[in-house]
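Here, residue 1 is the first one in the sequence, and each next residue gets the next number.
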Amino acid sequence: MKAVVLVAGKGTRMEPLTSDCPKVMLQVANKPILEHILNSAIEAGIEGFVFITGYLEEQIKEYFEDGSKWGTSVEYVRQKEQLGTANAIGCAKGYVDGAFLVLNGDMLIGQEDLKALVSRTEEAVICVKEVENPSDFGVLETENNRVVRIIEKPKNPPTNLANAGVYLFRESIFDLIDRTGASVRNEFEITDSLQMLIDNGSAVGYSPLDGRWIDIGYPWDLLKAEEHLLKGLQGRCEGTVEPNATIKGEVVIGKGTLIRSGSYIEGPVIIGENCDIGPNCFIRPFSAIGNHVRVGNAVEIKNTIIMEHTHVGHLSYIGDSIIGRRCNFGAGTKVANLRHDGKNIKVMVKGRILDSGRRKLGVIMGDDVHTGINSSINTGVIMEKGRFTYPGDIVKH
C-alpha cells in the first residue's frame, strides 16, 4: 500500500519560518516534520510514497530523493495550482492502485493509528479526533458506525468528532474528485467528494485517533511537537564531552560536537553535529539544537528549537522559542517568555492577534536575524527574516 502525502503548501501562518523553507521541512527534534511522518508510515507497513509538491519542492526532492535511504520509494507529482485538497489528491491519479492512505505533511500521527487505518475494508475511512471545540473543525455526523454527513465548522455540532485530515481511499475516489465542483472558497474540497461517496450509498467509516496527533498550524505548535517527540528520546554521545561537564537524563550529542567544561545539559535534549557548546552554559529540557550551532559561555536555553548555523553569544537567555537558521545573538541578548500577569501570550499572525494558548512563549525568529549586544525581546514577538537590532534595543512587538 502507498501513501499520498500533501506537501505543496507554503504554510503562510508559519511565517517567517517558511520564508525560505517549505513548512514540511521545518525541523522538530532535528528532523523535518515530513521525515517523522514518513517514518511512522513505514513502521505502519506503508511501502511507497507519492509526494504532492509545490512550494520550494526542490528542497524536498533534494532531501528525500528516491526514498531508498529509508528503504522505501518516493515519487513526486507537482500540484501546479493549489486549488484545494481534492485537487491535490487528484494529482495522484495513476500513481496509486487499490487502497491508499492520504496524509498531510504538517501533521504528526502515530504508527499505531496508521496501522489501524491500513487494516480497514470500507470504501473510505476518515480519521477523527474527539475535541472540545468541534465548531472550529469539520465535524462528522455518524450513524451505526458509519459517516452520514460532514459539516464544516458547524455552529451546533452534532458530535465532537473532528476530521483529522487523514484518510484511507480506494481508486474509486478519483472519479468523484473529477466530478467535484468548487466550494464557496473557490477550492475543490475532498470533503465534498466524500459526501458524494456517502450519498451514493458507499460505506464510509471513521477511525478514532488514540495516539499522537499534532496538527502543526502555527509556529508555537512546533514546541508542542518537540516536547512529544523528545519524551521518547534515547540518549547517546557521538561527540566529545570535556571533563567537568554534566550530562543528566536522555541527551543526544551528534558527531563532531564539543561540549566544553562546566556545561550542564539536562535531558531530554538533542544536539546536532559539529556544534560548539559552552563552557559553563545551561541547556534545559525539551531543547533541540541543530547542526553547526555555537552556544557561548554562560548561556541558558530552555524548551527551544534552534536551527542550523545559528550562534548564541555569551550571557544570553532563550526560553520557549523557535530560532531560525544562521541567526546571531549578540552578547547579553535576553528573550522574555512569561507575562507579568501570567496570562496566555498573544501573537500577531497575518494581521490578526491570536491567543497562542501558551502561558510561556518567547520569540519566533526567522532566518538570518542578528541582535545587537544587550538586546531585550518581549514575549510572543515575531522577527522577520533578515531583521536586526542595535545594541540595547528593546523589541516589544
Asks: Side-chain atoms of residues 151-160: list all donor-acceptor pairs with protein atoms under 3.5 Å, sequence neighbours left out, distances to 0.1 Å.
Replies:
unit_1, atom_1, unit_2, atom_2, d
Thr159, OG1, Leu140, O, 2.5
Thr159, OG1, Leu161, N, 3.2

Asks: Under a 3.5 Å threshold, yes or no: a donor from one side chain and an acceptor from the other, between Lys334 and Ser316?
Replies: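 No donor-acceptor contact under 3.5 Å links the two side chains.
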Asks: Nearest 0.5 Å please: distance from the CG atom of Leu361 over to the OG atom of Ser356.
Replies: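 Rounded to the nearest 0.5 Å, the CG-OG separation comes to 5.0 Å.
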Asks: Could you tell me whether Glu384 and Arg387 make a salt bridge, using a distance below 4.0 angstrom between a side-chain N and a carboxylate O?
Replies: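 Salt bridge flag = yes for Arg387 with Glu384.
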Asks: For residues Gly105 and Ile33, report the shortest heavy-atom separation together with the two atoms involved.
Replies: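 Scanning both residues, the minimum pair turns out to be O-CG2, 3.5 Å.
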Asks: Going by the ring pair (Phe, Tyr, Trp, His ring centres under 6.0 Å) test, which pairs reach into residues 13-47, not counting sequence neighbours?
Replies: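 Every pair satisfying ring pair (Phe, Tyr, Trp, His ring centres under 6.0 Å) with a residue in residues 13-47: there are none.
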Asks: Evaluate the side-chain proximity of Asp221 to Asp215: yes if any heavy-atom separation is below 4.5 Å, no if none is.
Replies: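 With C-beta onward as the side chain, the pair stays apart.
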Asks: Could you check whether any side-chain heavy atom of Arg359 comes within less than 4.5 Å of a side-chain heavy atom of Leu338, counting everything from C-beta outward?
Replies: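 Yes, side chains in contact.
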Asks: Using every non-hydrogen atom in the two residues, find where Thr310 and Arg325 come nearest and quote the distance to one decimal.
Replies: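 Nearest heavy atoms, Thr310 then Arg325: OG1-C, 3.7 Å.
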Asks: Between side-chain atoms of residues 120-127 and protein atoms elsewhere (two or more places apart, or another chain), which donor-acceptor pairs fall under 3.5 Å?
Replies:
unit_1, atom_1, unit_2, atom_2, d
Arg120, NE, Glu122, OE1, 3.1
Arg120, NE, Glu122, OE2, 3.3
Arg120, NH1, Tyr206, O, 3.2
Arg120, NH2, Glu122, OE2, 2.8
Arg120, NH2, Tyr206, O, 3.3
Glu122, OE2, Arg146, NH1, 3.4
Glu123, OE2, Ser172, OG, 2.3

Asks: If I compare all heavy atoms of Cys21 with all of Leu56, which pair ends up nearest, and what's the gap?
Replies: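 Smallest interatomic distance, heavy atoms only, reads N-CD1, 3.6 Å.
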Asks: So, Asp355 side chain and Gly357 main chain: donor-acceptor pair closer than 3.5 Å or not?
Replies: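 Yes, the answer is positive, given that a donor and an acceptor are paired below the 3.5 Å cut-off.
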Asks: Show the nearest heavy-atom pair for residues Val252 and Gly235, with the distance to one decimal.
Replies: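 Heavy-atom minimum between the residues: CG2-CA, 4.2 Å.
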Asks: Please name the pair of heavy atoms, one in Ile198 and one in Val148, separated by the smallest distance, quoted to 0.1 Å.
Replies: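 For Ile198 and Val148, the tightest heavy-atom pair comes out as CG2-O, 3.6 Å.
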Asks: Are any of the side-chain heavy atoms of Ile216 and Lys224 separated by less than 4.5 Å?
Replies: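 No, their side chains stay 4.5 Å or more apart.
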Asks: Does any non-hydrogen side-chain atom of Met383 lie less than 4.5 Å from one of Ile377?
Replies: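 They are in side-chain contact.
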Asks: Hey, could you give me each pair passing ring pair (Phe, Tyr, Trp, His ring centres under 6.0 Å) that has a residue in residues 233-270? Not counting sequence neighbours.
Replies: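 Those involving residues 233-270 are Tyr264-Phe282.
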Asks: CG of Asn133: more than 12 outside heavy atoms within 6.0 angstrom?
Replies: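 Yes, the 6.0 Å shell around CG holds more than 12 heavy atoms from other groups.
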Asks: Kindly indicate whether the side chain of Leu114, heavy atoms from C-beta on, has any atom under 4.5 Å from the side chain of Ile109.
Replies: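 The answer is yes; the side chains approach within 4.5 Å.
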Asks: Quick test of your reading: applying salt bridge (Lys or Arg N to Asp or Glu O under 4.0 Å), list the pairs with at least one residue in residues 231-257, sequence neighbours left out, ordered by first then second residue.
Replies: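 Checked against salt bridge (Lys or Arg N to Asp or Glu O under 4.0 Å) - neighbours excluded - the pairs reaching residues 231-257 are Arg236-Glu238.
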Asks: So does Lys115 have more than 12 non-hydrogen atoms from other groups sitting under 6.0 Å from NZ?
Replies: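 Counting neighbours around NZ of Lys115, more than 12 heavy atoms of other residues, nucleotides or ligands fall under 6.0 Å, so yes.
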Asks: Name the orientation class of the two ring planes belonging to Trp220 and Tyr218 (parallel below 30°, tilted from 30 to 60°, perpendicular beyond 60°).
Replies: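 Ring orientation of Trp220 relative to Tyr218: parallel.
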Asks: Taking Lys2 first and then Asp97, would you say they form a salt bridge - that is, a charged N and a carboxylate O separated by under 4.0 Å?
Replies: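 Salt bridge flag = no for Asp97 with Lys2.
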Asks: Spell out, yes or no, whether Ile52 and Ile190 are grouped together once hydrophobic residues are joined by side-chain heavy atoms under 4.5 Å, including indirect joins.
Replies: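 In one cluster: yes.
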Asks: Counting C-beta onward and ignoring hydrogens, is there a side-chain heavy-atom pair between Thr85 and Phe188 closer than 4.5 Å?
Replies: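 Thr85 does not reach Phe188 side chain to side chain.
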Asks: Determine which pairs satisfy salt bridge (Lys or Arg N to Asp or Glu O under 4.0 Å) with at least one residue from residues 172-187, sequence neighbours left out, and list them in order.
Replies: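 Qualifying pairs, neighbours excluded: Lys93-Asp178, Arg185-Glu187, Arg185-Glu189.
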Asks: Under a 3.5 Å threshold, yes or no: a donor from one side chain and an acceptor from the other, between Thr180 and Ser193?
Replies: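 A donor-acceptor contact under 3.5 Å links the two side chains.
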Asks: Less than 4.5 Å apart, any side-chain heavy atom of Val50 and any of Phe100?
Replies: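 Not touching, per the 4.5 Å side-chain cut-off.
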Asks: Should the pair Trp70 and Phe64 be assigned to parallel (<30°), tilted (30 to 60°) or perpendicular (>60°) ring geometry?
Replies: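 Ring orientation, 0 to 90° scale: tilted.
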